[in-house]
Amino acid sequence: MANPPDDLLDHDYDGIREFDNPLPKWWLYMFYGGIVAALVYVPYYHFGPGPLPREQWAEDMTAWWQQHPPPELADHAELEAMAEDPAFVAAGQATFNVRCMSCHAIDGGGLVGPNLTDEFTIYGQQRDQIVAVIFHGTKNGMLAWKDQLGLEEIYQVGAYVHSLRGTTPAKPKAPDGVPIVDPTPEIAATAQP
Ligand code: HEC
């Protein structure tokens, strides 16, 4: 059955007429409901005790990190002991040639990423410093590998990177960072990745 025709309102603007066609009730109730919800939401969340999504997210992330602490990375001495096995370093080289050469060049001479063979370093050249950079990445373009590589692989590739220092790459990139002075704990202290 067709709806009965709506009443015409009596105004007329240059021949344009308007039907008396009120908004449907469901729409109006949603509209009023929206106003009421906003009157509760804004004072509670923006001016009251309710957490905003950003705060809630930060809280959830903090809780998550407390339940999933990052692994304790091996220290310099432990890494040094691992690197005594040539097969361990060779495995690191295999990973480097797949994952790292696009930015550091196949021989570590540097492309987008810094030269890993020269006598300069940004984050320190000690084994634990190298591993920390590979694990966590840095703000300036070095990727974090903690989700792509296992801890063992990170230690292996770290051992290989450490072995590159002092080698002669085909096209060495100009130095980045500070000259290496042994030992360099102050670099790690000032330049956290
Ligand atoms: C997308 C490019 C890219 C890839 C891939 C990459 N790196 Fe880097 N890497 C960089 C950049 C850029 C820096 C300099 C970061 C900075 O200055 O904060 C860097 C820095 C480093 C440093 C610190 C150097 C120093 O002087 O302190 C190490 C060690 C390192 N990368 C190792 C690796 C290893 C190992 C891999 C592979 C698992 C890898 N990188 C893959 C771009 C990359």
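Just so you know, ligand 1 is whichever comes first in the structure, and atom 1 is the first atom listed for that ligand. Please read all numbers here as calculations on a predicted model, not as lab measurements.
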query = Are M30 and Y32 in one and the same hydrophobic cluster, where Ile, Leu, Val, Met, Phe, Trp and Tyr link if side-chain heavy atoms are under 4.5 Å apart?
reply =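 Cluster IDs for M30 and Y32 match.
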ask   = Applying the 4.5 Å side-chain criterion to the ILVMFWY set and letting contacts propagate, would V112 and M142 be lumped into a single cluster?
value =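 Cluster IDs for V112 and M142 differ.
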For [atom], what's the nearest protein heavy atom and its distance?
atom	value
atom 29 (C) of ligand 1	I130 CG2, 3.8 Å
atom 18 (O) of ligand 1	Y123 OH, 2.4 Å
atom 43 (C) of ligand 1	C103 CB, 3.3 Å
atom 32 (C) of ligand 1	M142 CE, 3.5 Å
atom 28 (C) of ligand 1	L116 CD2, 3.8 Å
atom 12 (C) of ligand 1	N140 O, 3.5 Å
atom 42 (C) of ligand 1	G141 O, 3.6 Å
atom 22 (C) of ligand 1	V133 CG1, 3.7 Å

Heavy-atom side-chain proximity of [X] to [Y] below 4.5 angstrom:
X	Y	value
R17	L9	no
M82	L79	yes
Q156	V89	no
E119	P179	no
L116	F96	yes
P175	N115	no

task = Inspect the surroundings of CG in D10 and state if more than 12 heavy atoms from other residues, nucleotides or ligands are less than 6.0 Å away.
result =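 No, because the 6.0 Å sphere around CG of D10 holds 12 heavy atoms or fewer from other groups.
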Pull out every atom of ligand 1 sitting under 4.0 Å from any heavy atom of [X], numbered as shown with elements.
X	value
T138	15 (C), 16 (C), 18 (O)
G113	10 (C), 11 (C), 12 (C), 42 (C)
I122	17 (O), 25 (C), 26 (O), 27 (O)

Determine whether the side chain, the backbone, both or neither of [X] has a heavy atom under 4.0 Å from any heavy atom of ligand 1.
X	result
W145	side chain
T95	neither
T121	both

query = From Q126 CD over to T121 OG1, what is the distance, rounded to the nearest 0.5 angstrom?
reply =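 The CD atom of Q126 sits 9.5 Å away from the OG1 atom of T121.
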inquiry  = Test your reading of the structure: does K139 have an N or O sitting under 3.5 Å from an N or O of ligand 1?
reply    =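 Not met; the criterion fails.
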N or O pair under 3.5 Å between R99 and ligand 1 =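 No, there is no polar N/O contact under 3.5 Å.
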ask   = Can you find a side-chain donor-acceptor pair between H11 and E18 that sits under 3.5 Å?
value =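 A pair is found: one side chain offers a donor N or O, the other an acceptor, under 3.5 Å apart.
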ask   = Are the side chain of R99 and the backbone of L149 linked by a donor-acceptor contact shorter than 3.5 Å?
value =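 Not at all, since once roles are kept as given, no pair shorter than 3.5 Å links the two residues.
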query = Does some non-hydrogen atom of P114 fall short of 4.0 Å from ligand 1?
reply =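 Contact check P114 vs ligand 1: positive.
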inquiry  = Nearest non-hydrogen contact with atom 36 (C) of ligand 1 belongs to which option: G92, G110, C100?
reply    =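 Result: the heavy atom closest to atom 36 (C) of ligand 1 is in C100.
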key: atom 8 (Fe) of ligand 1 contact by H104, N, O or S atom under 2.8 Å   =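 An N, O or S atom of H104 is closer than 2.8 Å to atom 8 (Fe) of ligand 1, so yes.
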